[in-house]
**Student:** 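Input: one structure, supplied below.
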Amino acid sequence: MQFLLEHNYEKFYVMIRLSKSVVGLKESKAVSQVIEETGYLGMGETVGLFEKELEQYIGGEGYKCICVNSGTAALHLALQAVTQPGDEVLVPSFTFVATYQAITGAGCVPISCEVNPVSLLLDLSDAEKRITPKTKVIIPVYYASNVSNVDEYHAFAQKHHLRIIEDAAHAFGCEHNHRKIGSFGDIICFSFDGIKNITSGEGGAIFSSDKKVISAVSDARLLGVCKDSEKRYKGERSWVFDVTRQGYRYHMSNIFAAIGRTQLQRLDTEFAPKRKLLAKKYVSLLSKNPNIQLVPMDYDEIIPFIFPILILNNQRDRLMHLFDEGGVQYGIHYRPNHILTYYKISYSLPVTEDIYTKILTIPLHPDLSEVDIEYICSIIKSL
Ligand SMILES: *Cc1c(COP(=O)(O)O)cnc(C)c1O
């Protein structure tokens, strides 16, 4: 019996987590302050302050930030602001189902596209073939924080007269040519869910310099009530109001904003350097491994959110087994959307489907140590 207990403990005790919220005393103090001093838990001054601080951090001239209660809500509202039901949206199948749910939630049709087999990012030559007169939007996804193609995406959108909504859920704080993602472009959506580069508990944000988009999403997050946001920041609200569009209860609460403000302060000092350091360590230990294909990335420009690797030579199942035995969590980002029942299509996406058989996400979060990374890589080496 004793043996069995110990055995089970060994087997199911996870030593190294795939991802986690790195929160503590600072965040709980900020939440306590909202509860004990501000006393207003809905959307109020703290949300307004978080938005201002996010705008300052991202630093785009003329760009406004609207906070909502999830990254999915950010995408949904952004889509609703620039589409009509029935419009087609180009999107890589290789993304979190949130991107797809936002598209269909807005009444639009996701047009599943391939990714490039090396970068794992939306393949524009494939997307180009799928353009029809109904195509109105392209949503590039910065998978694993890779923002290296941002200029190509913008040029493509301009060439084909499409709106571009960047799914930058993985890319908060990332830069390309010294410009932060969110400080240029059309509409940019971030997520602050529990495990993203920064968290607000749950949350998301929309950035744009398009005043019409900002005004639309600002109202739509508060049930479509016109111009209510400014009042909420001052602790007031509208009693006599008009509604001109479909809205949702998608606003951020002061509690979430308090967590987010604290996390934003910790990003460049604590989280970003640690994430970069750990990712570079992985690269140095795995780059010569014949069973592993890495995704090329400039870790000086980006803040890596996840660390996906491709396992070659049919070794993925074996590696998953070794990780189970060794107490290392892993993930699969992502199951392609075009094979899900709700999003089934009549054509295949062979590159995406092949990647899906090889992809594995290994642990990355700021609470890991370099020794943890060495341990994980020693398991991979034992293949
Ligand atoms: C996390 C994520 C989202 C959605 O964000 P939530 O805040 O979890 O709703 C959308 N797209 C991608 C690629 C994500 O990773």
**Student:** Would a distance-only check, ignoring hydrogens and angles, find a side-chain to backbone donor-acceptor pair under 3.5 Å from Asp123 to Asn116?
**Tutor:** no
**Student:** Under a 4.0 Å threshold between the charged nitrogen and the carboxylate oxygen, would Lys20 count as salt-bridged to Asp367?
**Tutor:** yes
**Student:** To the nearest 0.5 Å, what is the distance between CD1 (Ile198) and OG (Ser191)?
**Tutor:** 9.5 Å
**Student:** Any chance you could measure Ile206, atom CD1, to Leu77, atom CG, to the nearest 0.5 Å?
**Tutor:** 5.0 Å
**Student:** The test is side-chain contact (heavy atoms from CB on, under 4.5 Å); show your working for Leu49 and Val47 and say whether it passes.
**Tutor:** CA-CA 5 Å; Leu49 291 171; Val47 175; over 6 Å; no
**Student:** Going only through I, L, V, M, F, W and Y residues with side-chain contacts under 4.5 Å, is there a path from Ile345 to Tyr343?
**Tutor:** yes
**Student:** Without swapping roles, check the side chain of Glu353 against the backbone of Leu349 for a donor-acceptor pair under 3.5 Å.
**Tutor:**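 Checked: pair present.
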**Student:** Under 4.5 Å between any side-chain heavy atoms of Tyr299 and Pro304, yes or no?
**Tutor:** yes
**Student:** List the atom of Ile306, the atom of Leu364, and the distance in Å for their closest heavy-atom pair.
**Tutor:** C-CD2, 3.9 Å
**Student:** In terms of side-chain geometry, is the basic nitrogen of Lys280 or Glu370 positioned less than 4.0 Å from the acidic oxygen of its partner?
**Tutor:**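 Salt bridge between Lys280 and Glu370, a charged N being under 4.0 Å from a carboxylate O: no.
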**Student:** Could you measure the distance from the CG atom of Leu41 to the OG atom of Ser253? Nearest 0.5 Å is fine.
**Tutor:** 7.0 Å
**Student:** Pick from Lys64, Arg232, Arg221: which one makes a salt bridge (charged side-chain N to carboxylate O under 4.0 Å, His left out) with Glu51?
**Tutor:** Arg221
**Student:** What are the two closest non-hydrogen atoms of Val217 and Ala78, and how far apart are they?
**Tutor:**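 Scanning both residues, the minimum pair turns out to be CG1-N, 4.1 Å.
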**Student:** Is any side-chain heavy atom of Ile339 closer than 4.5 Å to one of Lys344?
**Tutor:**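 Side-chain contact under 4.5 Å: no.
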**Student:** Starting at NE2 of His321, measure out to CD1 of Ile379 and round the result to the nearest 0.5 Å.
**Tutor:** 11.5 Å
**Student:** Classify the ring geometry between Tyr248 and Tyr250 as parallel (under 30°), tilted (30 to 60°) or perpendicular (over 60°).
**Tutor:** parallel
**Student:** Among pairs that include at least one residue of residues 199-214, which meet side-chain hydrogen bond (donor to acceptor under 3.5 Å, both in side chains), considering only residues two or more places apart or in two chains?
**Tutor:**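 Sorted result for residues 199-214: Arg163-Asp210.
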**Student:** Return the minimal non-hydrogen interatomic distance between Ala220 and Gln80, and the atom names on each side.
**Tutor:** CB-OE1, 3.9 Å
**Student:** Could you walk me through whether Ile187 and Ile164 pass side-chain contact (heavy atoms from CB on, under 4.5 Å), step by step?
**Tutor:** CA-CA 6 Å; Ile187 307 173; Ile164 172 166; over 6 Å; no
**Student:** Quick check for you: to the nearest 0.5 Å, what is the distance between Ser21 atom OG and Ile195 atom CD1?
**Tutor:** 7.5 Å
**Student:** According to the side-chain hydrogen bond (donor to acceptor under 3.5 Å, both in side chains) rule, which pairs have a member within residues 355-365, sequence neighbours left out?
**Tutor:**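 Applying side-chain hydrogen bond (donor to acceptor under 3.5 Å, both in side chains) to every pair that reaches into residues 355-365, excluding sequence neighbours, yields His333-Thr361, Arg335-Tyr356, Asp354-Lys358.
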**Student:** Could you check if a side-chain atom of Cys67 sits within less than 4.5 angstrom of a side-chain atom of Phe256, using non-hydrogen atoms only?
**Tutor:**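 SC-SC contact between Cys67 and Phe256 ruled out.
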**Student:** Is it true that Glu53 and Arg261 make a salt bridge, defined as a side-chain N closer than 4.0 Å to a carboxylate O?
**Tutor:** yes
**Student:** Take Ile255 and Val34, measure what side-chain contact (heavy atoms from CB on, under 4.5 Å) needs, and give me the verdict at the end.
**Tutor:** CA-CA 6 Å; Ile255 291 189; Val34 170; 4.2 Å; yes
**Student:** Is a side-chain donor or acceptor of Ser93 paired with a backbone partner of Asn337 at a separation under 3.5 angstrom?
**Tutor:** yes
**Student:** Do Glu88 and Arg130 make a side-chain contact, defined as non-hydrogen atoms from C-beta onward lying under 4.5 Å apart?
**Tutor:** no
**Student:** Determine whether Leu294 and Leu310 make a side-chain contact, defined as any pair of heavy atoms from C-beta on separated by less than 4.5 Å.
**Tutor:** no
**Student:** Report the C-alpha distance between His160 and Glu128 in whole Å, list the side-chain angles of each, state the deciding distance to 0.1 Å, and finish with yes or no for side chain to side chain donor-acceptor pair (under 3.5 Å).
**Tutor:** CA-CA 9 Å; His160 295 287; Glu128 192 157 33; 2.9 Å; yes
**Student:** Glu166 side chain to Ile188 main-chain N or O, any donor-acceptor pair under 3.5 Å?
**Tutor:** no
**Student:** Report yes if some heavy atom in the side chain of Leu54 is under 4.5 Å from a heavy atom in the side chain of Phe207; otherwise report no.
**Tutor:** yes
**Student:** Does the Lys NZ or Arg CZ of Lys180 fall within the cation-pi geometry relative to Tyr57 - under 6.0 Å from the ring centre and within 45° of the axis?
**Tutor:**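 Yes.
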**Student:** Hey, mind stepping through Lys29 and Glu36 against salt bridge (Lys or Arg N to Asp or Glu O under 4.0 Å) and telling me if it holds?
**Tutor:** CA-CA 10 Å; Lys29 275 194 177 143; Glu36 290 169 24; over 6 Å; no
**Student:** Roughly how far apart are Leu90 CG and Leu122 CG, rounded to 0.5 Å?
**Tutor:**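 The CG atom of Leu90 sits 7.5 Å away from the CG atom of Leu122.
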**Student:** Decide, yes or no, whether a salt bridge links Glu230 with Arg237 under the criterion of side-chain N to carboxylate O below 4.0 Å.
**Tutor:** no
**Student:** Output yes when a side-chain donor or acceptor of Tyr142 lies under 3.5 Å from a complementary backbone atom of Val150, and no otherwise.
**Tutor:** no
**Student:** Would you say Lys227's side chain and Asp219's backbone share a donor-acceptor pair under 3.5 angstrom?
**Tutor:** no
**Student:** Does the side chain of Leu360 come within less than 4.5 Å of Phe323's, by heavy atoms?
**Tutor:** yes
**Student:** Taking Ser112's backbone N and O only, do any of them form a donor-acceptor pair with His338's side chain (distance below 3.5 Å, no angle check)?
**Tutor:**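 A pair under 3.5 Å: no.
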**Student:** Could you tell me which non-hydrogen atom of Ile165 sits nearest to which non-hydrogen atom of Pro140, and how far apart they are?
**Tutor:**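 Heavy atoms of Ile165 and Pro140 come nearest at O-CD, 3.4 Å.
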**Student:** Between Val147 and Val141, is there shared hydrophobic-cluster membership here, with clusters defined by ILVMFWY side-chain heavy atoms closer than 4.5 Å?
**Tutor:**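 Different clusters: Val147 never reaches Val141 through Ile, Leu, Val, Met, Phe, Trp or Tyr contacts under 4.5 Å.
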**Student:** Given 3.5 Å as the limit, does a donor-acceptor pair link the side chain of Ser145 with the main chain of Ile303, or not?
**Tutor:** yes
**Student:** Counting only N and O atoms by type, is there a donor-acceptor contact under 3.5 Å from the side chain of Glu270 to the main-chain atoms of Leu267?
**Tutor:** no
**Student:** Test side chain to side chain donor-acceptor pair (under 3.5 Å) on Gln263 and Glu27 and set out the steps.
**Tutor:** CA-CA 8 Å; Gln263 288 264 306; Glu27 285 77 9; 2.9 Å; yes
**Student:** Quick one: does Val89's side chain get under 4.5 Å of Ile103's, heavy atoms only?
**Tutor:** yes
**Student:** Could you tell me whether Phe172 and Phe192 have their ring centroids closer than 6.0 angstrom?
**Tutor:**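 That pair passes the under 6.0 Å test.
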**Student:** Carefully, step by step, assess Leu285 and Glu374 under the rule side-chain contact (heavy atoms from CB on, under 4.5 Å).
**Tutor:** CA-CA 8 Å; Leu285 292 173; Glu374 283 164 14; 4.0 Å; yes
**Student:** Just wondering, more than 12 heavy atoms not from Tyr342 lying within 6.0 Å of its OH?
**Tutor:** no
**Student:** Look at the rings of His154 and Phe184 and say which category their plane angle falls in: under 30° parallel, 30 to 60° tilted, over 60° perpendicular.
**Tutor:**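 His154 and Phe184: perpendicular rings.
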**Student:** Does CG in Asn314 sit with more than 12 non-hydrogen atoms of other residues, nucleotides or ligands closer than 6.0 Å?
**Tutor:**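 Result for CG/Asn314: open.
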**Student:** Under the criterion salt bridge (Lys or Arg N to Asp or Glu O under 4.0 Å), I'd like the reasoning laid out for Lys231 against Asp228: C-alpha separation, chi angles, the key distance, then a yes or no.
**Tutor:** CA-CA 5 Å; Lys231 291 210 176 77; Asp228 203 20; 5.6 Å; no
**Student:** Between Asp298 and Lys276, does the salt bridge (Lys or Arg N to Asp or Glu O under 4.0 Å) criterion hold? Intermediate values first, please.
**Tutor:** CA-CA 10 Å; Asp298 183 347; Lys276 287 168 191 259; over 6 Å; no
**Student:** Between Ser287 and Val283, is there a donor-acceptor pair closer than 3.5 Å when you use the side chain of the first and the backbone of the second?
**Tutor:**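 Confirmed, Ser287 side chain pairs with Val283 backbone.
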**Student:** Less than 4.0 angstrom from a charged side-chain N to a carboxylate O is my criterion; do Lys281 and Asp372 meet it?
**Tutor:** no
